[in-house]
There are 2 protein chains.
Amino acid sequence: MDSRKRTILQALTENYISSAEPVGSRTLAKKYNLGVSPATIRNEMADLEELGFLEQPHTSSGRVPSDKGYRFYVDELMSRAPIGYQLRERIRSTYQSRVRELEWFIHQTAKLVSDITGYPSIVLAPSWEQGIFSALQFVGMDDDRALLIMRTADGLTQNKTVSIPKELSLVQLNALAQDFSRQFAGVAIGDLQNYVLDPLSTSLLEHVELWQTVLGWFLSEGSDEERMTVAGPLSILNYPEFNDINKVRRVLGFLEQDKAVEQIVHLHPADGVMALIGSEMSIEDIQDCSVVTASYRIGQTVVGRVMVVGPRRMQYAYVMTVLEVVSDELSQALKWA
Amino acid sequence: MDSRKRTILQALTENYISSAEPVGSRTLAKKYNLGVSPATIRNEMADLEELGFLEQPHTSSGRVPSDKGYRFYVDELMSRAPIGYQLRERIRSTYQSRVRELEWFIHQTAKLVSDITGYPSIVLAPSWEQGIFSALQFVGMDDDRALLIMRTADGLTQNKTVSIPKELSLVQLNALAQDFSRQFAGVAIGDLQNYVLDPLSTSLLEHVELWQTVLGWFLSEGSDEERMTVAGPLSILNYPEFNDINKVRRVLGFLEQDKAVEQIVHLHPADGVMALIGSEMSIEDIQDCSVVTASYRIGQTVVGRVMVVGPRRMQYAYVMTVLEVVSDELSQALKWA
DNA sequence: ATTAGCACTCGATTGTTGAGAGTGCTAATA
DNA sequence: TATTAGCACTCTCAACAATCGAGTGCTAAT
């Protein structure tokens, strides 16, 4: 892999990323002054194809980077785009708000990223189950309804409006909640269910079913439901590789399923900004896509990810820079705990 | 418009709704035993076309109902589909839950309707601005954050986590909130902003900007943001009239805009179940769609709508029945106030 | 090692043709 | 007078052939 091959691969990849058309030897020779003739480039391209970095859609059309080609481009060739002042300010100002709600941050982030990059974006919220339980509290709303608030050690909260069981008063409920909080503070929320209630606390034992119900609300409905936020899914339609209605169906369908996206994270749990190219994800529905993902934190712990989904010929350099900055700023903004 | 024309229009419409193919005279004569020959039907169809009920995609293809034709079919010809026992039960059971959160009901409804009908559905939540203000309350979360709860006379609540201004304590905030609640209970939330704060209450006057901020949160971010819920948008891709990527873009794009949908409601604010066919809505992006909409209530007041968007050849009878039942059950479930 | 030259391949575009579905009109029929 | 059989006509669609052009691989010359 000599330096000329590298130059050619880089030029070809960048040209294809911006044009979406297979790139021929003549085009390369003309646009980038490589100092060699098309014929030479043809030879080099033939070599690059043999090495697996390029592909030909059909005999005698230009070449296109293979997944391996993109990978090499991202890892070795591409120069990371610098972030502009205006863009950085735009990102910062998004998070300057008095609202202190996780959900709000998640939504804003998703919109922002999709807007800036022009690709669909996904933001994965902190997994509720992995949070550390801290306290439970009831606030009366009216005669038969109460607001139930759960808090984690990170300072995250979630609340639900529920109907009060007839046999209990609000005061009793809160007494129970205090008991409960004292007993289980520090336990991971996902594990709460498995804990046998401490036989010493008679007040809790009497109401085992109640606590099961309460936990059920937070665990099932509260967490999974809103864990994933997608913004700008339709921007995928702007890219010519998705002119086929079936591809559109597969990609948009994929973006609708919460679970599918978690697969990606599961398979590639690395920290920081990372690109996943086409088949590297081994998920059929998005074979024609690449994903760039970045993690964000609350305090020191990685709690969620920001992702961008686009065609394989994604603007990797730009998107990776944006995600780096966004996930940084988001982590900063979430330092409220 | 004699009875034979009516029969033919009905048969043709129903055939087209289920086949999506222009219907010819031979097909009609064969499938529905009308007792006349294709030639006669051709004459009748020519008449129906002249009257504006039918259209021909091109000379010598079968006919297709025009918007006027669908309108006549919906108003005069179609027999309302009865609802099955199982379906009714499915709808009922959806609303049997201890969760008492408006948002939850809205989401469930949207999913349910899209699932049952096979078309995208939209649910419009009660307009927060039109609710009657009842009370405001702060609940402390930790040192610098509080949960702000607003309640309407209908029993709806909305809450936000906010950071506490440094110069105020939680106790002070709640004293102010009580003052505020006493003074403005009964006022429409949308009007709150316009009220000059009562000069008698000195405690309030001191913190005018604070209340402006508080109101700002509820009015701008809280209300519009989540007013519209869409479920199952991709089911539109199952219908052959949306094989064209540009039509898909327009319809899905329309479904993404909150504001556009409110246009429909604005133009056709009628109560009860209603079908809007193609050009009747005069919204370009959904010229090729029909919409069925139904209103639901909290108590006696209509507060929102459930809508289904589909191709013009929608299964009107079925969808209208479903929406009637769903909006009924939803209204029942919301009778908690 | 590079490059000019050239034959060759393959997709995309255009034009042609034939089949099929459906019509409108006319003349015959009940 | 209303209906119908018959027929010529129109229009779409699929299949096929012809042409064009971008781009290649190979060979021979530099």
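Chain letters run A, B, ... following the sequence lines, proteins first and then strands; every chain starts at 1.
Taking the centre of each ring, A/Tyr73 and A/Phe53 stay at or above the 6.0 Å mark.
Tested against A/Ser290 for a side chain to side chain donor-acceptor pair (under 3.5 Å), the candidates A/Tyr119, A/Tyr316, A/Tyr70 yield a single pass: A/Tyr316.
Here D/dT19 sits opposite C/dA12 as a Watson-Crick or G-U wobble pair (both hydrogen-bonding atom distances under 3.5 Å). Both distances falling under 3.5 Å, in either a Watson-Crick or a G-U wobble arrangement, place D/dG6 opposite C/dC25. Pairing for C/dA1 is with D/dT30, a Watson-Crick or G-U wobble pair whose two hydrogen-bonding atom distances lie under 3.5 Å.
Of the residues in residues 30-56 of chain B, B/Arg42, B/Met45, B/Gln56 come within less than 4.0 Å of DNA chain C through at least one heavy atom, sorted by number.
C/dG22 atom P lies 12 Å from atom CG of B/Leu12, rounded to whole Å. In this structure, CG of B/Asn15 is placed 11 Å from P of C/dG22, rounded to the nearest angstrom. B/Ile8 places its CD1 atom 15 Å from the C1' atom of C/dT23, with the value rounded to the nearest Å. If you take CZ of A/Arg26 and C1' of D/dG25, they are 17 Å apart, rounded to a whole angstrom. Taking atom CZ on B/Arg63 and atom P on D/dT10, their separation rounds to 16 Å, with Å as the unit. Distance, A/Leu28 CG to D/dG23 P: 10 Å, rounded to whole Å. In this structure, NE2 of A/His58 is placed 14 Å from C1' of C/dC8, rounded to the nearest angstrom.
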Would A/Leu276 and A/Thr293 satisfy side-chain contact (heavy atoms from CB on, under 4.5 Å), going step by step from the backbone distance to the final call?
CA-CA 8 Å; A/Leu276 300 167; A/Thr293 137; 4.0 Å; yes
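For the residue pair A/Arg42/A/Ser25, the side-chain donor-acceptor check at 3.5 Å is satisfied.
Among all heavy-atom pairs drawn from A/Ala81 and A/Ala317, the shortest one is N-CB, 4.0 Å.
The base of C/dT23 lies outside donor-acceptor range of the side chain of B/Ser60, with no N or O pair under 3.5 Å.
Distances shorter than 4.0 Å separate some side-chain N or O of A/Thr59 from OP1 or OP2 on C/dC10. A close approach under 4.0 Å does occur between a side-chain nitrogen or oxygen of B/Arg4 and OP1 or OP2 of D/dT3.
Using a 4.0 Å cut-off between charged side-chain N and carboxylate O, A/Arg227 and A/Glu262 make a salt bridge. Using a cut-off of 4.0 Å between Lys/Arg side-chain N and Asp/Glu carboxylate O, A/Lys247 and A/Glu241 are scored as not salt-bridged.
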